[in-house]
Amino acid sequence: MRKPVRVRFAPSPTGLPHVGNIRTALFNWLFARHSKGRFIVRIEDTDVARWVKGAIEAILESLHWLELDWDEGPEVGGDYGPYFQSQRLDIYRAIAQQLVKQGDAYLCYCSPQRLEQMRAEQMRRKEPPGYDRRCRNLSAKERVRLEIQGIVPVIRFKTPLSGETRFRDLIRGRVVFDNRNLDDFVLLKSDGYPTYHLANVVDDHLMEISHVLRADEWLASIPRHVLLYKALDYKPPLFAHLPMILGPDRSKLSKRHGAVSTLDYREQGYLPEAIVNFLALLGWSLDDRTELISREQLVRYFSLKRIAKTGAIFNIDKLNWMSGVYIRQLDAEDFLERVLPFLETGLPQSIERPLSREYVQQIAPLIQERITTLGEAAEYTEFFFVEELDYDRALLSTDVTDEVALEALRAAKKGIQDLDSFDTSSLEGVLRPLASELGLKTGKFFGLLRVATTGRTAAPSLFQTMAVLGRERCLQRIEAALNRLGG
RNA sequence: GCCCCCAUAGUCUAGAGGCCAAGGACGUCAGCCUUUCAAGCUGAAAACAGGGAUUCGAAUUCCCUUGGGGGCACCA
């Protein structure tokens with residue numbers, strides 16, 4: 001009987017989670033759910049110096065937003081905790097000591113300055129940088145001398161001086177490394193915290209992780225991990241190194257690529273289901289044509305076998321398209337619920353709060369098929385809320401002369417004043433014939449009215465817009481337009 | 001500099017020797033629809049990095065070159 005699938009997402013709180021991090025989380029989650037296994041979140045907070053305030057919250061919040069629920073980890077606990085590495089220091093220290101005792105690791109007293117100098121020298125000589133193993137064979141006497149000086153040592157792994165380390169990646173296949181290219185890396189830092197290599201290997205073992213799905217950038221560290229598993233006599237999990245998500249310049253995603261923090265996308269009004277769909281297709285595919293795929297389908301069909309090997313650029317244009325598709329798919333009520341908060345925060349402060357839900361309900365259908373993100377809603381609908389329209393007078397006479405515009409607006413005013421009911425079809429019933437009476441093309445006439453009532457040349461369908469605005473507002477605005485034209 | 005990974009259109013991808021004179025999607029362009037903007041519908045342009053080798057036959061296998069990426073910290 002195969003061991004149950006247990007996978008983990010192991011972020012370090014050294015920054016806000018970007019889409020690359022979250023894509024890794026998504027693949028782990030999908031694999032866990034597909035395999036009816038467990039999805040674990042473990043916080044790798046072993047770098048005290050680079051710790052970023054709020055990062056853990058942002059990471060967990062991103063997962064919540066995308067509904068990537070975890071079975072063990074922060075907030076939920078579990079039988080393999082604690083799930084914060086900073087709370088497991090005793091374990092790492094004991095294991096590091098054990099490695100020293102069994103001869104697989106040693107104490108190193110070299111100062112950071114010496115190491116830096118050494119590396120600089122190596123670079124200058126065009127040699128591969130790496131620890132020169134000065135402390136690897138320290139005599140007892142020398143060690144005592146250094147201890148007395150009060151130097152706190154680090155613990156380094158004794159990497160084999162020869163031979164090769166090979167392993168099999170689920171995505172890459174066989175990979176072989178020559179041990180001579182490896183140096184004696186640090187396991188335990190002088191501040192008593194473990195390095196990633198130690199903590200990661202120890203925890204994956206202790207937490208009985210079955211598959212490690214992590215970004216490609218870790219592939220180069222694989223031989224160290226394999227060597228560590230061997231030294232500790234642990235059975236290594238299976239590894240799958242995922243292709244990376246790259247910035248537009250094809251380099252590793254970083255702050256300099258702008259809004260890549262996952263929560264930024266929430267703020268901009270992308271739907272989580274669109275983000276999940278989009279991210280899933282960055283490095284994974286179902287077949288030769290599926291673009292739109294639900295979370296349920298993803299869970300059902302996700303497979304390690306269909307993960308690509310090539311790094312992928314995050315294509316915002318395609319995300320935008322997909323976002324629009326998802327927004328249009330929402331039913332009216334759902335759309336209203338989702339767009340409301342964005343209007344509350346996005347519309348000018350001068351507008352009374354809270355917004356009238358009933359009014360927004362009328363507006364919502366007019367923009368649902370036009371916006372790409374919920375964040376665009378405010379700008380699209382602002383003219384529905386403001387008292388005074390602010391627009392360039394010239395817009396009223398781009399297609400017609402001032403005289404014609406005045407005549408047409410007066411006629412329109414008169415026409416809608418006497419309307420029995422102010423709805424879409426009655427508006428069309430009176431305004432369309434009016435256009436021909438005035439001898440104006442509908443495009444010109446309606447365009448003029450559009451500017452007068454909305455202050456812009458591009459807006460939702462005119463009659464629907466006017467119906468929602470209501471008779472009073474429309475008359476006021478037409479009046480205002482007449483004034484602008486000096487009528 | 002050394003090590004590792006990767007290589008189909010601008011971008012995301014399908015393709016596991018003949019089904020490929022390479023399929024889908026975004027984007028782009030054109031047309032249709034239309035009161036504007038979107039949406040929708042039609043259509044078009046656009047790719048197997050290069051060179052060898054294996055084979056009756058290669059986008060698919062192997063080698064080299066080139067290109068891109070990642071790694072080489074008391075960071076993860």
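Order of the sequence lines fixes the chain letters, A, B, ..., with proteins taken first and strands second; residue numbering starts at 1 for each chain.
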Euclidean distance for C1', B:A59 against B:G15 (whole angstrom) | 8 Å
Does A:Arg289 have a side-chain nitrogen or oxygen under 4.0 Å from the phosphate oxygens OP1 or OP2 of B:A25?
-> no
A:Trp218 CH2 to B:A73 C1', in whole Å, measures 12 Å
For A:Ala220 and for A:Asn181, locate the closest nucleotide of RNA chain B by heavy-atom distance; then report the residue assigned to the nucleotide nearer the 5' terminus.
-> A:Asn181
Is A:Arg174 near enough to B:C5 that one of its side-chain N or O atoms lies under 4.0 angstrom from OP1 or OP2?
-> no
Which of the following nucleotides, B:G10, B:A25, B:C4, is nearest to the side chain of A:Asn315?
-> B:G10
Under 4.0 Å: is that the gap between some side-chain N or O of A:Arg456 and OP1 or OP2 of B:A38?
-> no
Counting only side-chain N and O atoms of A:Lys305, is one of them less than 4.0 Å from OP1 or OP2 of B:A16?
-> no
B:C26, B:C5, B:C12: which one has an atom nearest the side-chain heavy atoms of A:Val175?
-> B:C5
State whether A:Thr290 places a side-chain N or O below 4.0 Å from either non-bridging phosphate oxygen (OP1 or OP2) of B:G24.
-> no
Look at A:Arg23 and B:C12 and indicate whether a side-chain polar atom (N or O) is within less than 4.0 Å of OP1 or OP2.
-> no
Which residue, A:Glu428 or A:Ile307, contacts RNA chain B at a nucleotide closer to its 5' end, judged by nearest heavy atom?
-> A:Ile307
Inter-nucleotide P distance (B:U13, B:C6), Å rounded = 15 Å
Mark yes or no for whether A:Ser426, through its side chain, and A:Phe422, through its backbone, hold a donor-acceptor pair below 3.5 Å.
-> no
Between the base of B:C37 and the side chain of A:Arg370, is there a donor-acceptor distance below 3.5 Å?
-> yes
Starting from P on B:A39, measure out to CZ on A:Arg328 and report it in whole angstrom.
-> 6 Å
Min side-chain heavy-atom separation A:Phe239-A:Arg214 under 4.5 Å | yes
Below 4.0 angstrom, N of the basic side chain to O of the carboxylate: do A:Glu291 and A:Arg289 qualify?
-> no
So does A:Glu164 pair up with A:Arg180, basic N to acidic O under 4.0 Å?
-> no
Do the rings of A:Tyr196 and A:His225 sit parallel, tilted or perpendicular, given the 30° and 60° boundaries?
-> tilted
Whom does B:C2 pair with, Watson-Crick or G-U wobble, provided both distances fall under 3.5 Å?
-> B:G71
What interatomic distance, in whole Å, is found between C1' of B:U8 and the corresponding atom of B:C12?
-> 12 Å
For B:U36, the Watson-Crick or wobble counterpart (both distances under 3.5 Å) = none
Side-chain atoms of A:Leu115 come closest, of B:A14, B:C74, B:A25, to B:C74
Taking CD1 from A:Ile56 and P from B:A76, how many angstroms apart are they, rounded to a whole number?
-> 14 Å
Complementary nucleotide of B:C29, counting Watson-Crick and G-U pairs under 3.5 Å = B:G43
Give a yes or no on whether a donor-acceptor pair under 3.5 Å exists between the nucleobase atoms of B:U36, that is its base, and the side chain of A:Ser461.
-> no
B:G71 OP1/OP2 closer than 4.0 Å to side-chain N/O of A:Lys252 = yes
With sugar-phosphate meaning primed atoms plus P, OP1 and OP2, does A:Val154 contact a base, only sugar-phosphate, or nothing at under 4.0 Å between heavy atoms?
-> base
Looking at A:Arg180, does any N or O in its side chain come under 4.0 Å of the phosphate oxygens OP1/OP2 on B:C2?
-> no
Does any N or O donor sit under 3.5 Å from an N or O acceptor when you compare the side chain of A:Glu217 with the base of B:G71?
-> no
When you check the phosphate oxygens OP1 and OP2 of B:U8, does a side-chain N or O of A:Lys309 lie under 4.0 Å from one of them?
-> no
So does A:Ser285 get a side-chain nitrogen or oxygen closer than 4.0 Å to the phosphate oxygens (OP1/OP2) of B:A14?
-> yes
So, are A:Asp104 and A:Lys158 salt-bridged, with charged N and O less than 4.0 Å apart?
-> no
For B:G17, what is the paired nucleotide under Watson-Crick or G-U wobble rules, both distances under 3.5 Å?
-> none
Whole Å only: how far is the CD atom of A:Gln122 from the P atom of B:G1?
-> 16 Å
Say you pick atom C1' in B:A22 and the same atom in B:C75; how far apart are they, in whole Å?
-> 44 Å
If you check the A:Arg172 side chain, which of B:C74, B:U11, B:C6 turns out closest?
-> B:C6
Please state whether the rings of A:Phe185 and A:His197 are parallel, tilted or perpendicular, taking 30° and 60° as the class boundaries.
-> perpendicular
